[in-house]
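Report on one structure; see the data block that follows.
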Amino acid sequence: MVISRQALRAYADRQLDTFLWMKQLCREDIIAELAQFRVLPVFKTEPWLHPLVCFYIGLCRPEFLFLLDMGLGKSKIIADLITQRQRDRTLRRALVTVPNVINMASWADDLAKHSDLEPWTCSVENIDAKWERLAYPRGDVTLIDYQGLQWALCDKVTGKGGKSKLVVNAERIAHVARLYNFIDIDESHKLRNHQNLWFSIMHSLTASADYVYANTGTVFGKNPEAMWSQFYLVDGGATFGENLGMFRETFFGQHQDHFKGTVWTFNRRTSRELNRMMQHRSIRYDEAEVPELDLPKKVPIVLKLHMASEQRQHYMRALKALIDAQGTGDATTLEAPWIRMRQILSGYLVWKDAYGEHKLFFKENPKLVQVERLLEEMGDSKIVLCHYYTETGRMLVDSVRSWGYEAEWLYGGTKDKQAVRRRFMEDPDCRVLVMNTETGGTGNDGLQEVSRYMVMYESPTPPDSRKQLEKRVHRPGQRHRTFIYDLILRGTLDQGILDGIAEGTDLFAQVVNGRRLHMGLADGF
C-alpha cells in the first residue's frame, strides 16, 4: 500500500509530549508534586532522583517505557508503582513478564528489597501447573517467563502432515486479562518481533490492562525498527502509530533485493526526529546522568590469538562454503557454514551423517589454553565464562573441572537454574560460572556482587545482547574495577563480530540518547 506524502507529513507533524524537562527537576520539586496525591506514596528504600522522576511519571501516565541502563533501578520503579496502585485500591493484580526462568529469582529478590509485595513465581516446568499458578495466584506480583506464558496460554494442536503447533487459547487469554490490570514487560527488547507468538499474546493482555509499563536498557541493537513493537504494546500506537508501514516510510528507506524482496534500511538523517518522537511515552537515563552512581571503571581487553594449523584448514574450507552460499540468498544455506566457522574458532567440529552425530575436538585450542591461563592468573576470583553454543559450554565446563576448579553451568538445559546461580553466588569454592549468553544474559542480576571478571569465549552478535551480557557484572553493586575479556583469533570473523557490535552501539547512542557517540573500532577484519 502506498502512503501519501500528506499522510506522512501529518504523522511527523503531530504534537507529542516530552518528559525531558523533568530531568531538570530537583528532589524537592518531585516530593512537592507527590504530596498532592490523595494517597501519599511510601517507599521501603529511599529512591535516587532518577527513579523518583520515573515513579512520578508512572503515576501520571498509565502507559510508559522506562529506558534505563542496566542496574539503574527499573525493578524498584515497578515495585514502587505496584505498591502505590495497591495502596490506592486501583490494582487488581500485577503481572511481570521476564525473558527467562532465572530472571524470576532476581525479581523476587528485588521485590523483597524494595517492597512488601509477595512474589508468586511460575517457575514450575509442568505446563498445567504453570497455568494453575498463572490463573490462580496467591501472591501480589506474578512472575512468569515469556516462553512459559506462551505454553500456559496456548493449546498444542496437530496440523497438516502431523506437525504440531501452538494455538492461542482465547478463554485462557480472557481469564488472565480479567485477572491482571497491571502488566510490566521486563527487557521489552525481547518482544521486538511483531510477527511472533510472544508479541501476539502480550498484545492480547496489554490492550485491555489499566497500567502497562515496559523496561529495558537496550531498546534496540542495530535496527531501530525494534522500537515500534515495544511502544505499540505499551501505548497502542500513541507514539509511533498503529501501522508499522507509516513508521517505516518515515524513518527508513527501501530497496529491492533479488532474494529477500523489500529491504528497509534506517535513514540516519531522521535520527533527531525519531529521538523527538520517542519522548512521547518514554524516558531514557544512562549511567552518565546519575550523579549518585559511583561505578568503578570497565576495562575491555581483547586477547588476539593465532589459529592452530588444523583449525585454519577447517576454517578456510568453512569460509569458502560461506562465500559460495552467499550467492544463493538462502538464509538456511548461509547459517550452516556460519555455525561451522564459529565452532571451529571455539576448537571443535560437530556434524551428522548416516552413521549419526560426530564430534572432533582439535588437539590445539588457543582459546582454551588462554582460559586456563586466565584462571591461574586471577587467583581465587570468581569468573563468568560466556559461551553461545551448547557444545561449547559442555567443553568448557568439562575442561574447567579437569583443571581442578569447581564450576557450575547455566544454560537452557540446566534443570534448576536458580540453584546454579545461588551456588555460584554463595559458595566460595565455586569459582567459575560457565554461562550461556542467552540463558543468563538478561535479568540475571547479582553476579556483580561476587565477580568482576567476564570472559567472552563466544560473544553474542547483537549489540543489545552484548551490552546486556556485560551488565551482569558491570552495574551498581560492583565495588571493583571490572574486566571484560574477548578471546579472538586473528584474521577471522571473531574480529568482524566485535566490529559489528561497536557499530551497533554507535547507532544506539545516536538515536536513543539523541547524540552521536564516537567509538574507535577495533583493528580491521
Side-chain angles (χ1 to χ4, degrees), residues 17-68 72-98 106-121 136-144 176-186 188 205-215 233-236 238 279-283 285 290 292:
D17 296 334
T18 179
F19 295 85
L20 286 174
W21 61 274
M22 295 194 66
K23 291 186 176 184
Q24 309 304 317
L25 299 178
C26 65
R27 176 177 293 272
E28 290 72 19
D29 295 330
I30 302 295
I31 296 298
E33 290 298 323
L34 293 177
Q36 307 301 314
F37 283 85
R38 180 178 57 84
V39 178
L40 296 180
V42 174
F43 303 105
K44 184 176 181 179
T45 55
E46 189 67 22
W48 289 349
L49 179 57
H50 75 276
L52 194 63
V53 170
C54 292
F55 172 76
Y56 177 60
I57 294 173
L59 291 186
C60 297
R61 295 298 336 172
E63 67 293 315
F64 209 77
L65 294 92
F66 301 109
L67 309 180
L68 278 62
L72 294 189
K74 295 184 289 290
S75 55
K76 172 177 170 52
I77 295 166
I78 299 303
D80 287 339
L81 285 172
I82 295 173
T83 298
Q84 183 65 15
R85 296 306 180 190
Q86 187 182 67
R87 295 180 69 244
D88 67 18
R89 299 180 181 275
T90 60
L91 179 76
R92 291 200 298 271
R93 285 190 180 275
L95 176 67
V96 174
T97 57
V98 300
S106 299
W107 263 93
D109 292 344
D110 285 344
L111 287 172
K113 178 180 178 181
H114 298 298
S115 73
D116 294 322
L117 299 167
E118 181 183 354
W120 179 255
T121 61
Y136 306 101
R138 292 201 291 269
D140 299 308
V141 183
T142 300
L143 303 168
I144 191 168
V176 172
R178 289 192 299 269
L179 188 62
Y180 300 97
N181 70 327
F182 186 113
I183 295 178
D184 177 58
I185 307 171
D186 186 42
S188 60
L205 298 179
T206 60
S208 59
D210 296 323
Y211 309 106
V212 182
Y213 303 97
N215 33 274
L233 283 176
V234 174
D235 67 15
Q279 307 305 328
H280 183 60
R281 288 293 178 267
S282 75
I283 193 166
Y285 278 98
V290 181
E292 300 97 332

* Asked: So does K23 have more than 12 non-hydrogen atoms from other groups sitting under 6.0 Å from NZ?
  ->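 More than 12 heavy atoms, drawn from other residues, nucleotides or ligands, come within 6.0 Å of this atom.
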* Verify salt bridge (Lys or Arg N to Asp or Glu O under 4.0 Å) between K76 and D110, making sure each step is shown before the conclusion. => CA-CA 7 Å; K76 172 177 170 52; D110 285 344; over 6 Å; no
* Where do I82 and F182 land on the side-chain contact (heavy atoms from CB on, under 4.5 Å) test, with the steps shown first? -> CA-CA 8 Å; I82 295 173; F182 186 113; 3.5 Å; yes
* To do: Please step through side-chain contact (heavy atoms from CB on, under 4.5 Å) for the pair N215 and I78, ending with a clear verdict.
  => CA-CA 9 Å; N215 33 274; I78 299 303; 3.8 Å; yes
Nearest heavy-atom neighbours spanning [X] and [Y]:
{"X": "K44", "Y": "D116", "answer": "NZ-OD1, 3.4 Å"}
{"X": "A79", "Y": "L117", "answer": "O-CD1, 3.7 Å"}
{"X": "D88", "Y": "R38", "answer": "O-NH2, 3.6 Å"}

* Asked: Could you go step by step and tell me if Y285 and F66 meet the ring pair (Phe, Tyr, Trp, His ring centres under 6.0 Å) rule?
  -> CA-CA 8 Å; Y285 278 98; F66 301 109; 9.6 Å; no
* T97 side chain to D184 main-chain N or O, any donor-acceptor pair under 3.5 Å? -> yes
* Asked: With distance as the sole test, does N181 use its side chain to make a donor-acceptor pair with the main-chain N or O of R92 at under 3.5 Å?
  ->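 The answer is yes, because a donor-acceptor pair under 3.5 Å joins these two groups.
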* Asked: For C54 and L68, what are the C-alpha separation, side-chain angles and deciding distance, and is it a side-chain contact (heavy atoms from CB on, under 4.5 Å)?
  -> CA-CA 10 Å; C54 292; L68 278 62; 4.1 Å; yes
* **Stepwise side-chain contact (heavy atoms from CB on, under 4.5 Å) test for L59 and L34** => CA-CA 9 Å; L59 291 186; L34 293 177; 4.0 Å; yes
Distance (rounded to the nearest 0.5 Å) between [X] [atom1] and [Y] [atom2]:
{"X": "H280", "Y": "F64", "atom1": "NE2", "atom2": "CZ", "result": "9.5 Å"}
{"X": "I30", "Y": "L49", "atom1": "CD1", "atom2": "CG", "result": "7.0 Å"}
{"X": "K74", "Y": "L65", "atom1": "NZ", "atom2": "CG", "result": "12.0 Å"}

